[in-house]
Amino acid sequence: MHAYRTHHCCQLTKADVGQTVRLSGWVFRVRDYGKLLFVDLRDHFGVTQVVIDKDSDALQIVQAVRVESVLKVDGKVVARSGDQVNPNLPTGEIEVRAESVEVLSAAAELPMPIAGTAEYPEEIRLKNRFLDLRREKLHSNIVLRSKVIASLRRRMIDQGFTEFQTPILTASSPEGARDFLVPSRLHHGKFYALPQAPQMFKQLLMVAGFDRYFQIAPCFRDEDARADRSPGEFYQLDFEMSFVTQDDVFAAIEPVLYGVFEEFANGRNVTPPPFQRITYKDSMLKYGSDKPDLRNPIEISDVTEIFRGGGFGVFAKAIEEGSIVRAIPAPGAGTKARSFFDGMNQWAKDEGFAGLAYINFKAGVGGGIAKNLGPERVAQLVEQMKLGPDDGVFFACAKKDVAAKLAGAARTRIGQDLDLIEKNTFRFCWIVDFPMYEWDEVEQKVMFSHNPFSMPQGEMHALETMNPLDILAYQYDIVCNGIELSSGAIRNHKPEIMYRAFEIAGYDRSVVDEKFSGMINAFRYGAPPHGGSAPGVDRIVMLLADEPNIREVILFPMNQRAEDLMMGAPSNVSPRQLRELGIRIVSEEKPS
RNA sequence: GGGGCCGUAGCUCAAUCGGUUAGAGCACCGGCCUGUCACGCCGGAGGUUGCGGGUUCGAAUCCCGUCGGCCUCGCCA
């Protein structure tokens, strides 16, 4: 007989009755009757009930240990009769009558319970992650993650992609996120950087002729955390393809994403390919965001012209000064109490905006600012927005970017408040035609809006002739349920266009030669047109596991301040280590 | 760096307007119990109310400061 087990804890059925078996696992729950005792023995696979009575020496042993101790149980499989069957357990038709029990590892009193579904403070959970991971939900999330990654790999390989590993210790790059730096021992004063993404390496793989590459790639960015953004590190399904257009990239990845979502959808709907394509400009207008949640049916309209010179003075004046007005319909909300509308206005103010004006229609008669606006313009509004007789409508008036942002946030909030968000559905879309450049208000200069390696639409001709802020890029994001899964691009593979593109953003030729020498040099020797993308693996799993926080799908996540509470990272290092690296720590001066 | 919410027993929570010795469930320790599956019953132990200061006859409660956690803005090519 095996030293620890003949079966796992989700294996035995009626067919095994009469067998002598050996199980090992954790004490999940104990029900002790003094002269009779039940143990739910748990392992990775499931739970089996072990029963011990007074005839067994095991009784005292088990009575002496706490839950979560590890036991090895030898016993006989017996059938449960009638009302003793537990229909909630795959092994519920049998139990193991223990003949002997060995304590493999006794557990101390726990800082947090394993059984049950109660919520616990993040700090305790992270400090005791090995315990948290025993709990059913987190345990199954992590297993799901593994299955999703296996499925992605299989689907990518089936599509003709080849997986390669790219370096972790690489060079720091300008632009983009803050790098994590690693000091060099052999070159004092010089640093490696951990890759923010294997961007240049994957492009070099295309230059090297590998045609289709992918990798479940670890990426490192030293930026602050969010609920859907782990601090420090995350994983992407990084891929790149040669001799492709934007449509070829979409056609390659859509079936992979659709397939993996379908595989783990568990009855939820997945929008089939081809996914809807929305231009960046349209998305900012209709959804007030470049990552729209299409489960929300609300669409925003521009109604600047209806308010221009109208009776609602605040807006009319603002429009003269260059503001715009965006209208967010609230279907069926017209009959809601005034507190709903005032509450939205207050919310907008709390978020730092000027506020939200509104009209509430009751049986076609408009309240709110309808009187100020006048019947003719209200009628125009109803016509343009196709408003129903009992709809509400909110108005965001501000400079273009701010108005779009407020309208987008209001759209999300109204959708939630009115319970309009479609349930059990994954809605994918592509956001395309991102602008190549944007105006940086702080630096007062033109800068890359997304990826500097994207090919501008119109190539050199566009760079030479157009206003930089009007140039679009072959740059695209894939979005699911309001979460940005990835951004990608058809790359700029022509050195001359690259130099010119960087020049517009204020980097001269020597900067490109120095910072991107590996890539720009490679492009001089024959580079295929290529493009790709990199969907976030953690976010895919987060969506499939229906978890609102990315920590719930990561084995050992850091907290918001980028600390690993279990391992104690980051930590001090020895003076000797610092000496070797030629590093001296400058104590942080507190501002007085 | 800014804003918001939170911090009471190992865990989840309670404590009326500032008023008796800060309570309950789970967990823990002891006892009883032969068919439970969130077992049940009896008893016990467990508290610097995050920390520091202030107001008050009296502070978990009010004020100031500080620390920590989460969410968010900035940031994330």
Side-chain angles (χ1 to χ4, degrees), chain A residues 28-41 47-56 59 63-64 66-68 78 80-89 91-92 95 97 107-128 131-132 173-179 196-197 199-200 219-232 234 347 350-353 405 409 434 436-438 440-442 447-454 473 475 484 487-489 501-502 505 507 515-516 534 536 548-549 551 559-561 563 565 591:
Chain A
F28 190 45
R29 286 195 176 97
V30 178
R31 293 173 293 280
D32 183 0
Y33 288 82
K35 296 195 181 69
L36 173 76
L37 179 148
F38 299 97
V39 176
D40 291 337
L41 197 68
V47 170
T48 298
Q49 175 166 281
V50 175
V51 57
I52 307 168
D53 65 22
K54 65 176 193 307
D55 301 331
S56 170
L59 187 64
Q63 280 172 331
R66 280 181 285 262
V67 288
E68 294 306 314
V78 296
R80 301 204 209 178
S81 65
D83 58 351
Q84 289 175 11
V85 169
N86 184 346
N88 302 319
L89 224 52
T91 59
E95 61 194 2
R97 189 158 289 269
E109 193 179 343
L110 299 170
M112 53 179 278
I114 306 303
T117 54
E119 308 238 7
Y120 303 105
E122 203 78 33
E123 199 176 355
I124 289 168
R125 295 182 56 199
L126 292 176
K127 221 175 249 174
N128 301 280
L131 292 179
D132 202 15
S173 65
E175 296 267 333
R178 271 183 219 103
D179 284 318
Q196 296 181 26
Q199 178 73 34
M200 279 192 265
C219 304
F220 307 87
R221 295 178 191 175
D222 188 4
E223 296 294 348
D224 289 348
R226 289 291 181 276
D228 65 351
R229 198 168 84 203
S230 199
F234 60 97
W347 160 81
D350 291 345
E351 294 285 309
F353 297 100
K405 199 173 163 190
F434 276 85
M436 185 79 191
Y437 300 100
E438 63 191 17
D440 187 325
E441 285 292 341
V442 181
M447 60 180 283
F448 289 109
S449 74
H450 280 73
N451 189 323
F453 307 116
S454 302
Q475 163 89 38
E484 180 190 318
S487 63
F502 273 87
Y507 299 94
K515 291 297 181 183
F516 308 108
N549 194 295
R551 282 187 299 272
N559 69 3
Q560 188 166 42
R561 303 209 315 159
E563 297 166 311
L565 297 175

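Every chain is numbered from 1, with letters handed out A, B, ... down the list of sequences.
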Which base, if any, makes a Watson-Crick or G-U wobble pair with [N], both distances under 3.5 Å?
N: B:A24; result: B:U12
N: B:G7; result: B:C67
N: B:G43; result: B:C29
N: B:U56; result: none
N: B:C17; result: none

Please work out if [X] contacts a base, only the sugar-phosphate, or nothing of the nucleic acid, heavy-atom cut-off 4.0 Å.
X: A:Arg29; result: sugar-phosphate
X: A:Glu563; result: sugar-phosphate
X: A:Leu37; result: nothing
X: A:Asn88; result: nothing
X: A:Ala227; result: sugar-phosphate
X: A:Glu351; result: nothing
X: A:Gln49; result: base
X: A:Arg561; result: sugar-phosphate
X: A:Asp224; result: base

Taking the minimum atom-to-atom distance to the side chain of A:Glu223, which one of B:G35, B:C37, B:C75 wins? B:C75
Where the side chain of A:Arg229 is concerned, which of B:U12, B:C76, B:G35 is the nearest nucleotide? B:C76
Parallel, tilted or perpendicular: ring planes of A:Phe502 versus A:Phe453, cut at 30 and 60 degrees: tilted
Return the set of residues passing side chain to side chain contact (heavy atoms under 4.5 Å, CB included) with [X] (not counting sequence neighbours), or none when no residue passes.
X: A:Pro231; value: A:Ala225, A:Met558, A:Ala562
X: A:Leu110; value: A:Val67, A:Glu68, A:Ile114, A:Leu131
X: A:Asn86; value: A:Arg80, A:Asn88, A:Leu89

With sequence neighbours excluded, residues passing side chain to side chain donor-acceptor pair (under 3.5 Å) with A:Asn549: none
Taking OP1 and OP2 of [N], is either one under 4.0 Å from a side-chain nitrogen or oxygen of [X]?
X: A:Lys127; N: B:G68; answer: no
X: A:Asn549; N: B:C71; answer: yes
X: A:Gln560; N: B:C71; answer: yes
X: A:Arg31; N: B:C39; answer: yes

Where does B:C67 land, syn or anti, once you apply the within-90°-of-0 test for syn? anti
Is it true that the side chains of A:Asp32 and A:Gln63 contain a donor and an acceptor less than 3.5 Å apart? yes
Go along nucleotides 25-32 of chain B 5' to 3' and tag each nucleotide: B for a protein heavy atom under 4.0 Å from its base, S when only backbone or sugar atoms are that close, - otherwise. --BSS---
Might you confirm whether atom CZ of A:Arg178 has over 12 heavy atoms from other residues, nucleotides or ligands at distances under 6.0 Å? no
If you pin A:Asn451 and A:Val51 to their nearest nucleotides in RNA chain B, which one's is more 5'? A:Val51
Nearest-nucleotide comparison on RNA chain B, the residue closer to the 5′ end among A:Arg551 and A:Ser487: A:Arg551
From CZ of A:Arg97 across to P of B:U34 the rounded distance in Å is 14 Å
Could you state the CG-P distance from A:Asp179 to B:C76, rounded to the nearest angstrom? 12 Å
Under the 5.5 Å and 30° test, is A:Tyr33 stacked on the base of B:C33? no
Taking only residues two or more places apart in sequence or in another chain, which ones pass ring pair (Phe, Tyr, Trp, His ring centres under 6.0 Å) with A:Phe353? none
Pair of N/O donor and acceptor under 3.5 Å linking B:G69 base with A:Arg125 side chain: no
Compare every heavy atom of A:Ala501 with every heavy atom of A:Met436, then report the nearest pair and how far apart it is. CE-CB, 4.4 Å
